Structures are given as C-alpha cells and as structure tokens.
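Quick caveat, the model's predicted, so the values are computed rather than measured.
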Amino acid sequence: MKYSIAELLDIPKLQAILDSLYEVSGIPSAIIDLEGKILTGSGWQDICTRYHRVNPTTERFCIESDRKITSGLQDQQRHVQITCPLGLTDTATPLIIEGDHLANIFTGQLFLKPPDRGRFRLQAERYGFEEASYLLAMDRVPVISQERLDQNLFFIANLTELLAMQGLTQLRSLEVQECLRESEERVQQIIASAQEGIIVYDRGLRFQVWNRYMEELSGFSAEQVIGRLPEEVFPMLERAGVVQRLRRVLSGDGVESDEVELKFPDSGRTVWHSDTLAPLRNAAGEIVGVIATVRDITERKQTEEQLRQALKMESVGRLAGGVAHDFNNMLTVIMGQAQLAQMKITPGHELWQPLEQIATAAQRSSQITRQLLAFSRKEIIDPRPIDLNQLVAVTQKTLLRLIEESIILNFRPGADLWSVKMDPSQVDQILVNLAVNARDAMPDGGVLSIHTDNVHLSQKSCQYLRDSVPGDYVQLVVSDTGVGMGEEVLEHVFEPFYTTKGIGKGTGLGLATVYGIVRQNGGFINVYSEAGHGTSFKIYLPRSSGAAPAEAPKRCTDVRIGTGTVLLVEDNDMVRTVTRSYLEELGYHVIVADTPQAGIDICTGRENRIDLVLTDVIMPGMSGNDMVQEIKASFPEVKVLFMSGYTADLVARSGVVEEGMHFIQKPFDISTLSVKIEDTFLSDD
C-alpha cells in the first residue's frame, strides 16, 4: 500500500484514546509502524527506556523480543504475547487495513505477577544498573493478571477492527481524491497540449481556461486573461460579434460556429480563426458557462485567397486568349490593308495620314493584346540566357524618353550577375511598365531606381516571400519615391484592368503584364509600398545555367524581297487575302489553300517545287502541324513557317513551339513577315 498508517488514521485522536485506556486499565500501550516509528505512546515504563534499551547487552534481549513479536504477527496471529528474558511481558496486535499489515498496537511493559526483587537486584549488578533507582523503576511497572490482560487485548482487538474500517474509509477517500487529481492533471495536460485553442468562460463570460495554443495564437499568457472579460482583453472580439455569440450560447441558443478575422493592434498581425461555441453545463444540466474550441486558419485563408486570385487570373487569361485569336486576325487584316494601301500612294497623298493613323492604331491595339497574353502567361516567347545588366543598360535610353525630366533615373548593376533565361523583349516590357507606373506616381519629380543583385533564398526566407521557392535568383528591384500605395490598393495591384488612374489614363494592364511575364518565366514578384513613402517592386528570376552572349545581336527590320513559291494555308478569308498580298509584294509566287486537306492535295498533285509552306496552326478538321507532317513525308526538304493568333497553350498542344520550328505571331506587318521568311530559308532544318 502506498499510503502510510499516519495518512489513514487520526493519530492525535488515537493518542487521546490510548491515554484514557491507560488511565482506566493501568496498562501501557503504543502504536508503532513496521519501520519502527512510534505513532502513539501511553504509560511507557522507565525500566525499559532508561535501563533495558540503553545497555548494549540488555538491548539485545529487547531486540530479540521485538523479533519474536514481529515474526508471530507475520504468521497472521490475532495477537502475540511474550515475556522477555528480563522478566517483563509484552503483547502486540496487528493493525491491518484491506489486507495490508501497516502497524502494531503494543500492550506491555508489565508483570503478570509480583516481581522477584532478588532477581532484579542480580540484574542490576550483572548489567551495571544503579540498584536503588533500578528497583524503584521496577516498582512502578504495573502488575496485571492474565485475565485483565486478556480483557485489554479483547478491547484492543475490537479497536483494531474499528481502526481498520476507519482506515479503509480514508483509503477510499484518498484513492478517489487521487483519481480526481490524476484525472484533472490529465485534462490539464490534454488542454495544454491540444493542437487547437480551448477556452472556458464562466457564467459571467470571464475567462476561466486559456490553454497554451491560445497563448501562442494571441500572444497573451493565461495570467493576462484569466478572470477578465473578453472585451477587456480583446476589444476586437466585440466588433467581430464574438461576444454577442457568447451571450446567445449562454442564454441557451445552442452551439455556434463561425470563421472570424481578428487584427491585433499591438503587433499589427491579422489572424483568421474558426471557433465553435458550446454551452458548459453542470451535473444538473444547468448552463454555467461556455466552452470554445479555436483553430488558426490563417494559412488556409491565405491559400484560399491565392487560389481565388489564381482562378480569377486564369479566367481572365482564358478570356484574353479567346479574344486574342479573333482580335489578332482582325488586326492582321487592318494593319495589312493599311500598309498595302500606303504602298500604292505617296506620302503626300491625302489618304496617307488616315492610313498611317489606321496602321498606328492597329499597332497599338496589338500591344494591348500582347499585354493580355503576357498577363495570362500565354504569350509565345523565345527564351534564351541573357545578361540582365546588359539589357537594362540598353533600355535606359527608352526609359529616359518615357519619364519626366524632373525624375532622376538611377541604375546600380550588381557585380558578377548571374544570367537568366527569358525572352529579351519581355525584359523591355517589365521595365517600361514599371517605369510608366513610377512616372505617374511622381508627378512632381523624384528618383526612379533600378538595381540588380544575386540572391540565394533559403527555406526559412521563403516563408516571408509570397509564391517563392528556395534556390538561386537574380533580383531586379525597381523603386520610386512617389506617392506610394495603401493596403487596399496593394491587394489588387496585379489584377488586370484595376487602376487608380483617371478615365482614359490607363488600361490597368501594366502591372498585370509584369506579373504574368515574371510568373511565365518561373519567377515571382513582391511589392512593398506605403502611402506617401514610395513603392518598391522586387522581382526574382531563376538563375540560368547557360551563359548570356557578350552582346545582343542587332537585326535589320527592312523589308526583304525574296523569290520562290509559297503555299499559303489559312482558313480566314480576310487574313488569307492580306497575307497573300504581302507575299506577292515581297516577290513570292503564291498558291493558296483554305483548308489543310486542300494544302496536302496541292502538294501531292503538283509537279513544280514548293519552297515554303506558310500555314495557320489551328484550323477546322486538321491542325497545321498534322498537315505539315503529311506534306514532309513526301517533300522532306520543304521549309515551314507557322503563324497563329491563338495563345501559347493552344499552339503548344499542336506541337509548334518545339526547338527549331519557325513561328510568327499574328498580327504581323510586311517587314516582320519578310524577316521571318528569310530566317526560315536560312535555317538548317
């Protein structure tokens, strides 16, 4: 048993009972536990304590007597009675509680008949006791008959039974208390280690339980909240309707659940949590408080918001792709017919300026389409290893023409910059759009800063950068000292068609274009801004293993006159007409087909050589690529140039953007077409 006799019995009361028993019977008694600790003692005699237990020789007799008593009690005897070698009689009765022998009640240090004084004189002489005082101690030892001793033992036996019952009752009480304590400790451990918040409110809606999860979630310790009202510690709970919900649950309206956004003014943190509020009832079923379970769902909400944003962007991207197809076809016709008409008149003709304006409007419209495709990451690109420092240096001239004279352009190139793989024209788009955005943010002048650097992002640093993954990046930072943006604007800054500019002063596609280009090239972008304190865009582009060329090659874009036969395959009548006119103006003999099958039939039934197939990619019944494969089976040497107004994913599914294939994006003008045809003829494929 893990409880001692002192924990199970009222020892002071037992001392009083045995003192009274000694006064009535004159028989000494004591309760001693199995380890020899004396719990009570009444009427103990000096002859033992001052003489027999002090002398080493006589002490051995006492120890031997104790051993015999203990041995007899271990044999489960009701009581043991012995007379020690020194002539005194002792008895012992075991005290047993629920089968465990915990202590003994000793009765003794008495004579059953008058002692032999001569014997005690001899003992005094033998063991060196002072005779007179020793005999006086002997005279004080009570002389009790065996009958009286038996009566006393009978009383003691009944007393031990009562004590056993009392001890058992106390044992059960202690066990229940221990179970309750252990249960409470387990509950506290469960509450403390729970991976969700646990809050208990009393009837007055004061905090009673605030577990470790809530401490970590809120930044407030249990000591700071226990005993206080929620609105005292967290005023935003009142504004968020949490306190009203607590009152409804307390009044018996049942269980309530909700998702709540809380902003902590001290730290500036915003936390989303889901909670479930349920009534806390006592044994009688009365509502005595509210218990709340809370879970931090901030990360989930952020993920949902990112997904919502991605789906919205994807939806707009699909719309942009669909618009781009028809729009690019029409722009090809508008641009082409305007150019062809201008080629038949002189610059002084009265129609020259109207035609020039038509061509310019078509060209600008094609840039809007390109921005849409860049935003939706569907623009067809030609990525290659590039030196960002080199491209920024070249683009500075263009940027200086875009910004006001009151704006200072400051470029700080990073040393030993890694190369990145992307289409050089897209770098121009990024810089131009960000420069225009900065210019509009600094109407009274300021500083536009561009700098580059090599950065390595660890797993830890990526926790603080949206859309990021660990790795090596080239960082492009474009900052301004303009008016900055507030939190509400920052939430929508990369959305297409979102603009804070006045009507007619912006399409809302500039930053959306930048975002789309960066994401299309495997990078990510973060914006940092505060109203009145400028804006900084930080772009991270993945490091390329390839080396950038020493200098970007310069191309002449003049119209190139050529020779040979071109098979033009295009299902749109107007596009087919204007493209045919382009080709004929460039000096080519043109054969047209309005379907892929017609193109195949022309090739297989023709004796003269066809030098180039210029074909649309997406056409009814058969793709341009499938048609080309059939033609090349018979004429492997034929050159092929694909064209399309569709977005990149549709073109890619048709197998066009593979290495070595030649492609021209609609809308195109005559000079672009002439250069593409020349490139195709000069290639080795």
Discussion item. Would you say that V294 contacts S274 through its side chain, given a criterion of any heavy-atom pair below 4.5 Å between the two side chains?
Written reply: no
Worksheet item: With a 4.5 Å heavy-atom cut-off, do N211 and I199 have their side chains touching?
Response: no
Worksheet item: How far does CD1 of I539 sit from OH of Y515, to the nearest 0.5 angstrom?
Response: 12.5 Å
Practice prompt. Please list all pairs passing the ring-ring contact (aromatic ring centres under 6.0 Å, His included) test where one or both residues lie in residues 229-263, with sequence neighbours left out.
Written response: W210-F234, F220-F234
Worksheet item: Looking at N521 and K421, what are the two nearest heavy atoms and their distance?
Response: OD1-O, 3.7 Å
Item to complete: Decide yes or no on side-chain contact (heavy atoms from CB on, under 4.5 Å) for S449 and V477, but give the supporting numbers first.
Response: CA-CA 8 Å; S449 300; V477 181; over 6 Å; no
Worksheet entry | Sidechain N-carboxylate O distance under 4.0 Å for E261, K301 | no
Discussion item. Given 3.5 Å as the limit, does a donor-acceptor pair link the side chain of N389 with the main chain of G414, or not?
Written reply: yes
Discussion item. Whether the D296 and H273 side chains hold a donor-acceptor pair (N or O, under 3.5 Å, no angle test) is what I'd like checked.
Written reply: no
Practice prompt. Keeping the roles fixed (side chain from S419, backbone from I386), state whether a donor-acceptor pair exists under 3.5 Å.
Written response: no
Worksheet item: How long is the gap from CD1 on I408 to CE on M442, to the nearest 0.5 Å?
Response: 9.5 Å
Worksheet item: Within a reach of under 6.0 Å around CD of Q459, are more than 12 heavy atoms found that belong to other residues, nucleotides or ligands?
Response: no
Worksheet entry | Trace of the side-chain contact (heavy atoms from CB on, under 4.5 Å) decision for R300 with E259 | CA-CA 12 Å; R300 193 197 82 195; E259 294 182 350; 2.5 Å; yes
Discussion item. Using side-chain heavy atoms (C-beta onward) and a distance below 4.5 Å, is L399 in contact with V432?
Written reply: yes
Fill in: S529 side chain vs G534 backbone, donor-acceptor pair below 3.5 Å
yes
Discussion item. What I'd like to find out is whether the side chain of D275 reaches to under 4.5 Å of the side chain of R245, using heavy atoms alone.
Written reply: yes
Item to complete: Run the numbers on V427 and M422 for side-chain contact (heavy atoms from CB on, under 4.5 Å), then give the verdict.
Response: CA-CA 8 Å; V427 178; M422 64 185 300; 3.7 Å; yes
Practice prompt. Specify the closest pair of heavy atoms between Q224 and V233, including all atoms of both residues, with the distance to one decimal.
Written response: O-CG2, 4.3 Å
Item to complete: Give, for atom CD of E7 and atom CD of Q170, the distance between the pair rounded to the nearest 0.5 Å.
Response: 9.0 Å
Practice prompt. Rounded to the nearest 0.5 Å, what's the gap from NZ on K397 to CZ on R401? Could you check?
Written response: 9.0 Å
Fill in: side-chain contact (heavy atoms from CB on, under 4.5 Å) assessment of L434 paired with L511
CA-CA 7 Å; L434 292 181; L511 294 180; 3.6 Å; yes
Discussion item. Would you say that P230 contacts L246 through its side chain, given a criterion of any heavy-atom pair below 4.5 Å between the two side chains?
Written reply: yes
Practice prompt. To the nearest 0.5 Å, tell me how far L541 CG sits from Y473 OH.
Written response: 10.0 Å
Practice prompt. May I ask you to test the F537-N433 pair for a side-chain heavy-atom distance under 4.5 Å?
Written response: no
Practice prompt. Give a yes or no answer on whether the side chain of Q665 reaches the backbone of S644 with a donor-acceptor pair at less than 3.5 Å.
Written response: yes
Discussion item. If I compare all heavy atoms of V249 with all of G254, which pair ends up nearest, and what's the gap?
Written reply: CG2-O, 3.3 Å
Worksheet item: Does E175 come within less than 4.0 Å of R172, counting only side-chain N to carboxylate O?
Response: yes
Practice prompt. Identify the two heavy atoms, one from Y201 and one from A292, that lie closest to each other, and give their separation to 0.1 Å.
Written response: CE1-CB, 4.2 Å
Worksheet item: L476 versus I450: any side-chain heavy-atom pair under 4.5 Å?
Response: yes
Discussion item. Between E216 and R212, does any side-chain N to carboxylate O distance fall below 4.0 Å?
Written reply: no
Practice prompt. Compute whether any side-chain donor of one residue and acceptor of the other, for S173 and Q177, lie under 3.5 angstrom apart.
Written response: yes
Response to the item:
For C462 and S468, the nearest pair of non-hydrogen atoms, with its separation, is O-OG, 3.2 Å
Practice prompt. Kindly give the heavy-atom pair with the smallest separation between F524 and V518, and that separation in Å.
Written response: N-CG1, 3.3 Å
Item to complete: Say whether, by atom type as modelled, one donor and one acceptor occur between the side chain of T481 and the main chain of V447 under 3.5 angstrom.
Response: yes
Practice prompt. Report the residues that fulfil salt bridge (charged side-chain N to carboxylate O under 4.0 Å, His left out) with E178, sequence neighbours left out, ordered by chain and then residue number.
Written response: K2
Item to complete: Using a cut-off of 6.0 Å, state whether more than 12 heavy atoms not belonging to E182 lie near its atom CD.
Response: yes
Worksheet entry | Approximate separation, where rounding is to 0.5 Å, of N454 CG and Q475 CD | 10.0 Å
Worksheet item: Are D480 and I407 close enough that some pair of their side-chain heavy atoms sits under 4.5 Å apart?
Response: no
Worksheet item: Is a side-chain N or O of R519 found less than 3.5 angstrom from the main chain of G523, in a donor-acceptor match?
Response: yes
Worksheet item: Do the side chain of S218 and the main chain of M214 share a donor and acceptor less than 3.5 angstrom apart?
Response: yes
